[in-house]
Amino acid sequence: MKPSKNISRRSFVAGAATIAGSAAVLQKLTAQVQSATPDQTAATNALVKTAKDSPAEHLPPGEPGKDYNPVITPSGSTLPWKTVDGVKVYHLIAQEVANHEFAPGLVANCWGFNGQVHGPTIEAVEGDRVRIYVTNQLTAPTAIHWHGIFLPNGMDGVSGLTQKPIDPGDTFKYEFTLRQHGTHMYHSHHDEMTQMALGLMGLFIIHPRNPKGPLPERDFAFMLSEWKIVPGTSRPDPNEMTDFNVFTLNAKVFPAIAPMVAKLGQRVRIRFSNLSAMDHHPMHLHGVNFKVTGTDGGQIPESAQQVETTVLVQVGSTRTVDFVADAPGDWPLHCHMTHHTMNQMGHGSPNLIGVDKTGFDKKLRKFIPAYMTMGETGMGDMGEMGMPAPKNSIPMAGGPGPFDYIAMGGMFTTLKVREDLPNYEDPGWYKHPPGTVADLAKPEDLKRDGIQMPPESGKAAAMRTTTVNDPWCGKPRNPTPLIAKRG
């Protein structure tokens, strides 16, 4: 477009001055936002401003217990490291992991690192120089991408684009200086659909060099992932795109996943990383609210931190939340997508809600004496029936709890907060103070408060107890009434 002939020298100079002034304001606002970022100091910002692909100076190796409180990976581990000439040296070994146990009764042949699924957590400090050797003991080439981490392009780990594939039997060396902090990940970037679906991933935690404010006293990290394991088979199906039937925290399902344990009043951090193939996960914590303080892009300025009880962790992203454990008890942590708190034997079942199966069962028992149609009142009791299941499969839900069977599986665990703890081992179930547990309403309470009970349906009455003539498969059903008796 040709410039207008009506622009005078005076108006051009005035316009240029306005643009320059706007640029100065924008620059000042940018500096203010940067200075508001939590856990960063001038020295830390200087690290980030250094060219990301520069091999330049690094700081002395950060030390656990001095520069940071080590992260806890429930049911997982942390990758050992050693210091060589001021550089932290790590060694990852990509290999087949036979019979990885997702939970008792469900094992699969997966791929992982250093003999475990998922791989061990890499932990370091901002400013550290790290040297990571990756040995490939798989039958296929691979490559490792350091997800969200600033580094030289040739260290990014994308097979064919930034490096050659790591062929079976070969060992590659990655080396870079950590110029940021936060919750990050590592995973295969060669035939990603196959290799990530089989388990080639792990957490990469970078602690701030100069933290602003007190450190978290309990720092937990979870990798969220999903799998398709057809009952009776022994390997995850990497070709699945929609119908996943095993949803895991650190490659475990409840009740196999270890609980988080904290003392009353401690500062707690939970880091979520999601490398599921297709699904986002809204992670919900009972009993407290928390601030969402970080993403895989970095720390969130304090002025922008949201107070939540649920945080959406999108595919390929991380979220960090912080709170004070100020309420004693056993508090659930779970994905709020309800199908993500169920296991493989709950998928593909017919919808029988509300179906009267009495006549059908009576006729079929002439041929199969122990037959019983299931699911006409829901699937909550499936886990405790002890029914025979297909080889290498587990019930849709749960495990025993302090009051009854917990009808949740998959992405579910607990935060156990106690006032007095001798250590951080699982303290068992919470012992509630008298009068603090919801229970069957007494007739005098109903009368006092004017509660009018609706007429009871025949179906509800039939659910009160299990009759001796009802042949349940496996162990006898818990005789505890499912619906509270009226006074």
Side-chain angles (χ1 to χ4, degrees), residues 73-79 91-122 134-145 147 157 159 165-166 168-169 185-204 221-241 243-258 273-279 281 315-316 340 343-345 347 389-394 409-411 413:
T73 309
S75 299
S77 69
T78 299
L79 185 64
H91 187 194
L92 284 172
I93 305 171
Q95 56 193 185
E96 175 104 9
V97 180
N99 297 321
H100 167 71
E101 186 178 74
F102 290 91
L106 177 59
V107 299
N109 296 323
C110 302
W111 289 2
F113 294 95
N114 298 50
Q116 69 180 72
V117 181
H118 300 294
T121 297
I122 298 175
V134 178
T135 298
N136 182 9
Q137 290 188 338
L138 300 169
T139 56
T142 192
I144 305 302
H145 169 58
H147 186 109
S159 174
I166 309 174
M185 304 174 279
Y186 64 92
H187 60 81
S188 168
H189 225 305
H190 178 93
D191 189 13
E192 295 88 346
M193 183 186 79
T194 299
Q195 299 195 0
M196 292 176 68
L198 291 177
L200 282 183
M201 60 184 73
L203 293 153
F204 199 135
F222 290 102
M223 175 67 74
L224 315 179
S225 55
E226 58 192 6
W227 317 71
K228 176 61 178 288
I229 306 176
V230 177
T233 64
S234 61
R235 189 178 290 281
D237 181 2
N239 297 317
E240 183 57 52
M241 292 188 290
D243 189 20
F244 300 97
N245 61 1
V246 178
F247 300 87
T248 59
L249 295 167
N250 293 339
K252 299 284 186 180
V253 300
F254 180 78
I257 180 70
S273 303
N274 183 11
L275 284 179
S276 299
M278 299 294 290
D279 285 300
H281 301 295
V315 172
H340 296 184
N343 301 322
Q344 60 189 142
M345 288 307 296
H347 291 254
K391 179 183 178 182
N392 200 36
S393 65
I394 50 179
M411 284 186 175
T413 187

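FYI, side chains are in, hydrogens and waters are out, and symmetry mates aren't considered; it's all heavy atoms of this structure. All values reported here derive from a predicted model rather than from experimental measurement.
Taking the side chain to side chain donor-acceptor pair (under 3.5 Å) definition, one finds that Ser159 meets it with His190, sequence neighbours left out. Residues forming a salt bridge (Lys or Arg N to Asp or Glu O under 4.0 Å) with Glu192 (at least two apart in sequence, or on another chain): none. Every residue meeting the side chain to side chain donor-acceptor pair (under 3.5 Å) condition with Asn274, not counting sequence neighbours, appears here in chain and number order: Ser276. For the side chain to side chain donor-acceptor pair (under 3.5 Å) test, residues two or more places apart in sequence or in another chain that qualify with Asp191 are Thr194. In terms of the salt bridge (Lys or Arg N to Asp or Glu O under 4.0 Å) criterion, residue partners of Glu96 (sequence neighbours excluded) are, by chain and number, Arg235. Gln116 is linked by a side chain to side chain donor-acceptor pair (under 3.5 Å) to Ser77, counting only residues two or more places apart in sequence or in another chain. Partners of Ala197 by side-chain contact (heavy atoms from CB on, under 4.5 Å), not counting sequence neighbours, listed by chain and number: Pro238. Listed by chain and residue number, His340 satisfy the ring pair (Phe, Tyr, Trp, His ring centres under 6.0 Å) test with His281 (two or more places apart in sequence, or in another chain). Met193 pairs by the side-chain contact (heavy atoms from CB on, under 4.5 Å) definition with Asn239, not counting sequence neighbours.
Heavy-atom minimum distance, Phe244 versus Lys228: CD2-N, 4.1 Å. When all heavy atoms are compared, the tightest approach of Met278 to Val315 is C-CG2, 3.8 Å. The nearest pair of heavy atoms linking Glu226 to Ala277 is OE2-N, 3.3 Å. Taking both residues in full, the closest heavy atoms of Gly119 and Phe113 are given as CA-CB, 3.8 Å, listed atom of the first, atom of the second, then distance. In plain terms, the two heavy atoms of Trp111 and Thr139 that are nearest each other are CZ2-OG1, 4.4 Å. Taking all atoms of both residues into account, the shortest heavy-atom contact from Val253 to Phe247 is CG1-O, 3.3 Å.
Of the inter-residue distances, the one linking Met201 atom CE with Ser225 atom OG reads 5.5 Å to the nearest 0.5 angstrom.
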Give every donor-acceptor pair under 3.5 Å between a side-chain atom in residues 98-109 and any protein atom, sequence neighbours left out.
| residue | atom | partner | partner atom | Å |
| --- | --- | --- | --- | --- |
| His100 | NE2 | Ala251 | O | 2.9 |
| Asn109 | OD1 | Asn99 | N | 3.1 |

